[in-house]
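Right, one structure below, let's go through it.
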Amino acid sequence: MAAKKPKSSTPNPGNMSPRVWFYSILLTLQYGFQPIISKRFTRREVIVTSSVLTCEVAKVVCALILMAKDGSLKKLAREWTLVGSLTASGLPAAIYALQNSLLQISYRNLDSLTFSMLNQTKIIFTAIFTYIILRQRQSIQQIGALFLLIMAAVLLSIGEGSSKGSSSGDPEKILFYGIAPVLVASVLSGLASALCQWASQVKKHSSYLMTVEMSIVGSLCLLASTSKSPDGEAIRRYGFFYGWTPLTLIPVVTNALGGILVGLVTSLAGGVRKGFVIVSALLVTAMLQFLFEGTPPSVYCLVALPLVISSISIYQKYPYQVKKKEA
């Protein structure tokens with residue numbers, strides 16, 4: 001009697017449990033609310049690095065509390081290794097740090113519209129790297145759904161950036177310091193997302209533990225940058241919590257909880273699914289701006305809405321089916 005082949009450790013991207021749906025909806029709402037919450041409760045004087053570092057600390061605290069609650073914190077002392085940590089979390093954290101630096105360079109040399117449109121290519125690169133690293137295939141219908149999602153993201157980017165100025169200047173500078181960095185950043189984003197998914201699904205690295213490790217690595221990189229950055233100079237001159245009020249903690253904590261949810265969604269559903277969440281959140285933000293600020297959604301947003309709904313429905317309904325070989 002032939003032995004049965006073990007089932008793949010990676011979940012079917014088209015099959016989502018109620019728990020994954022719950023986490024995805026929560027993350028969509030958090031992403032959607034975050035810009036409005038940050039705008040309302042963060043003063044302009046607040047130093048960006050101070051809020052980012054505080055958010056990373058909040059993420060670590062929240063993750064440790066959740067690990068203590070599910071009992072995984074007790075196993076940490078006897079199972080954790082530096083090599084395992086660097087492999088699972090150190091590499092993605094370093095990649096994300098490099099990606100963020102490239103995005104900053106690109107943003108300074110591109111207009112908002114071009115930047116946002118090129119930045120959406122990370123969805124395709126995530127799908128490519130999940131196939132290369134995890135052998136997670138997409139059906140023809142799912143590939144079509146990804147392109148629908150990118151079309152929706154581009155439309156939302158046009159709606160966001162249509163009122164902003166366009167870049168002008170040396171075409172060579174725009175190419176090498178604008179377009180090239182954002183495309184490389186998109187490739188790195190896809191690679192890091194796939195590596196995080198590999199660590200959690202194949203290596204069974206806890207998403208909470210990855211959040212702790214990546215927050216620590218990211219914070220160390222950020223602290224190192226303060227020695228020469230304008231934010232570092234501002235912190236030394238005015239103090240770490242310059243411009244803070246008690247309400248500043250609200251967007252910091254919600255952003256930290258969003259970081260926990262990102263880890264859970266990536267671990268349970270994959271990086272491609274996270275791309276759907278992020279684009280859906282752009283629609284949520286547009287609707288919330290209409291409710292709280294009276295700013296009506298743009299025509300681009302209204303056109304993008306059915307595209308997002310269709311792409312999610314198609315991606316969920318037509319997962320890749322493994323063809324059974326004849327005996």
Report task. Applying side chain to side chain contact (heavy atoms under 4.5 Å, CB included), run through F176 and I174 and close with a yes or a no. Result -> CA-CA 6 Å; F176 290 105; I174 291 172; over 6 Å; no

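- In terms of modelled atom types and a separation under 3.5 Å, the side chain of T226 and the main chain of L223 share a donor-acceptor contact.
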Query raised in the report: What's the verdict on side chain to side chain contact (heavy atoms under 4.5 Å, CB included) for F292 and R40, showing C-alpha distance, side-chain angles and the deciding distance?
Result: CA-CA 11 Å; F292 291 103; R40 291 201 169 201; 3.5 Å; yes

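- In the hydrophobic clustering of ILVMFWY residues, with side-chain heavy atoms under 4.5 Å counting as a link, I278 and V284 come out apart.
- The minimum heavy-atom distance between G294 and P296, with the atom names listed, is O-CD, 3.3 Å.
- What you find for Q141 and Y318 is that their closest heavy atoms are CB-CB, 3.5 Å.
- Hydrophobic cluster membership differs between L288 and L302, with clusters built from Ile, Leu, Val, Met, Phe, Trp and Tyr side chains linked at under 4.5 angstrom.
- Using modelled atom types, one finds no donor on one side chain facing an acceptor on the other under 3.5 Å when comparing Q197 with R273.
- Side chains of S193 and T126: a donor-acceptor N/O pair is absent below 3.5 angstrom, by distance only.
- Side chain of S310 to backbone of P306: a donor-acceptor contact under 3.5 angstrom is found.
- Of the candidates Y315, W21, Y31, Y315 is the only one forming a ring-ring contact (aromatic ring centres under 6.0 Å, His included) with F276.
- Residues L149 and L307 form no side-chain contact, since every pair of their non-hydrogen atoms from C-beta on lies 4.5 Å or further apart.
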Query - Working for side chain to side chain contact (heavy atoms under 4.5 Å, CB included), residues Q138 and Y131 - result: CA-CA 8 Å; Q138 314 285 333; Y131 172 72; over 6 Å; no

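- Between V202 and I133 the shortest side-chain heavy-atom distance does not fall below 4.5 Å.
- Going from atom OH of Y208 over to atom CD1 of I65 covers 11.5 Å, rounded to the nearest 0.5 Å.
- In the hydrophobic cluster analysis, where Ile, Leu, Val, Met, Phe, Trp and Tyr join through side-chain heavy atoms closer than 4.5 angstrom, F147 is grouped together with L155.
- In this structure, L209 and M67 have side chains that are in contact, with non-hydrogen atoms separated by less than 4.5 Å.
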Report task. Kindly indicate, with the supporting measurements, whether the criterion side-chain hydrogen bond (donor to acceptor under 3.5 Å, both in side chains) is fulfilled by S206 and S72. Result -> CA-CA 8 Å; S206 163; S72 59; 4.9 Å; no

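- Under the 4.5 Å side-chain criterion, counting only non-hydrogen atoms from C-beta, Q321 is not in contact with S139.
- With hydrogens and angles disregarded, a donor-acceptor distance shorter than 3.5 Å links the side chain of S106 to the backbone of G178.
- Closest approach of A256 to K59, counting heavy atoms only: O-CG, 3.3 Å.
- Following chains of ILVMFWY side-chain contacts shorter than 4.5 Å, one cannot reach V61 starting from V252, and the two form parts of different hydrophobic clusters.
- Atoms CD1 and CZ, on I250 and F41 in that order, are 4.5 Å from each other to the nearest 0.5 Å.
- By the 4.5 Å heavy-atom criterion applied to side chains, V308 and L283 are counted as neighbours.
- For the atom pair OG (S17) and CG (L268), the distance works out to 7.0 Å, reported to the nearest 0.5 Å.
- Of the inter-residue distances, the one linking I150 atom CD1 with I123 atom CD1 reads 5.0 Å to the nearest 0.5 angstrom.
- Heavy atoms of other residues, nucleotides or ligands lying less than 6.0 angstrom from CZ of R19 number 12 at most.
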Requested in this report: Under the side-chain hydrogen bond (donor to acceptor under 3.5 Å, both in side chains) rule, what do S50 and W244 come out as? Steps first, then yes or no, please.
Outcome: CA-CA 10 Å; S50 71; W244 280 60; 3.1 Å; yes

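- No donor-acceptor distance shorter than 3.5 angstrom exists from the side chain of S38 to the backbone of P35, with no hydrogens or angles considered.
- Annotation: Y238, atom OH; neighbour count of heavy atoms from other residues, nucleotides and ligands within 6.0 Å does not exceed 12.
- Residues Q289 and I36 are in side-chain contact: their nearest non-hydrogen atoms beyond the backbone lie under 4.5 Å apart.
- Looking only at side-chain heavy atoms (C-beta outward), F125 and L188 stay at 4.5 Å or farther from each other.
- In this structure, the side chains of T87 and W198 come closer than 4.5 Å at one or more pairs of heavy atoms.
- Enclosure of atom CD1 in I140 is not indicated, since only 12 or fewer non-hydrogen atoms of other residues, nucleotides or ligands lie within 6.0 angstrom.
- Under a hydrophobic-cluster definition in which Ile, Leu, Val, Met, Phe, Trp and Tyr are linked whenever side-chain heavy atoms come within less than 4.5 Å, directly or via other members, L257 and V57 are assigned to different clusters.
- Annotation for Q99 and S189: closest pair NE2-CB, 3.6 Å, computed over non-hydrogen atoms.
- The nearest pair of heavy atoms linking V272 to L146 is CG1-CD2, 3.6 Å.
- For D231 (side chain) and T49 (main-chain N/O), a donor-acceptor pair under 3.5 Å exists by modelled atom type.
- A donor-acceptor contact under 3.5 angstrom links the side chains of T254 and Q34, judged on distance only.
- For the 3.5 Å distance criterion, the side chains of S85 and E213 qualify, holding a donor opposite an acceptor.
- Going from atom CG of L222 over to atom CG of L53 covers 4.5 Å, rounded to the nearest 0.5 Å.
- Contact record, I260 with L66: CG2-CD1, 3.8 Å, taken as the closest heavy-atom pair.
- Enclosure of atom CZ in F290 is not indicated, since only 12 or fewer non-hydrogen atoms of other residues, nucleotides or ligands lie within 6.0 angstrom.
- Distance alone, capped at 3.5 Å, places no donor-acceptor pair between the K228 side chain and the S225 backbone.
- One finds the OG atom of S51 at 14.0 Å from the CZ atom of R43 (value rounded to the nearest 0.5 Å).
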Requested in this report: Evaluate the criterion side chain to side chain contact (heavy atoms under 4.5 Å, CB included) for residue pair C196 and M210; output intermediate values, then yes/no.
Outcome: CA-CA 8 Å; C196 288; M210 285 190 67; 3.8 Å; yes

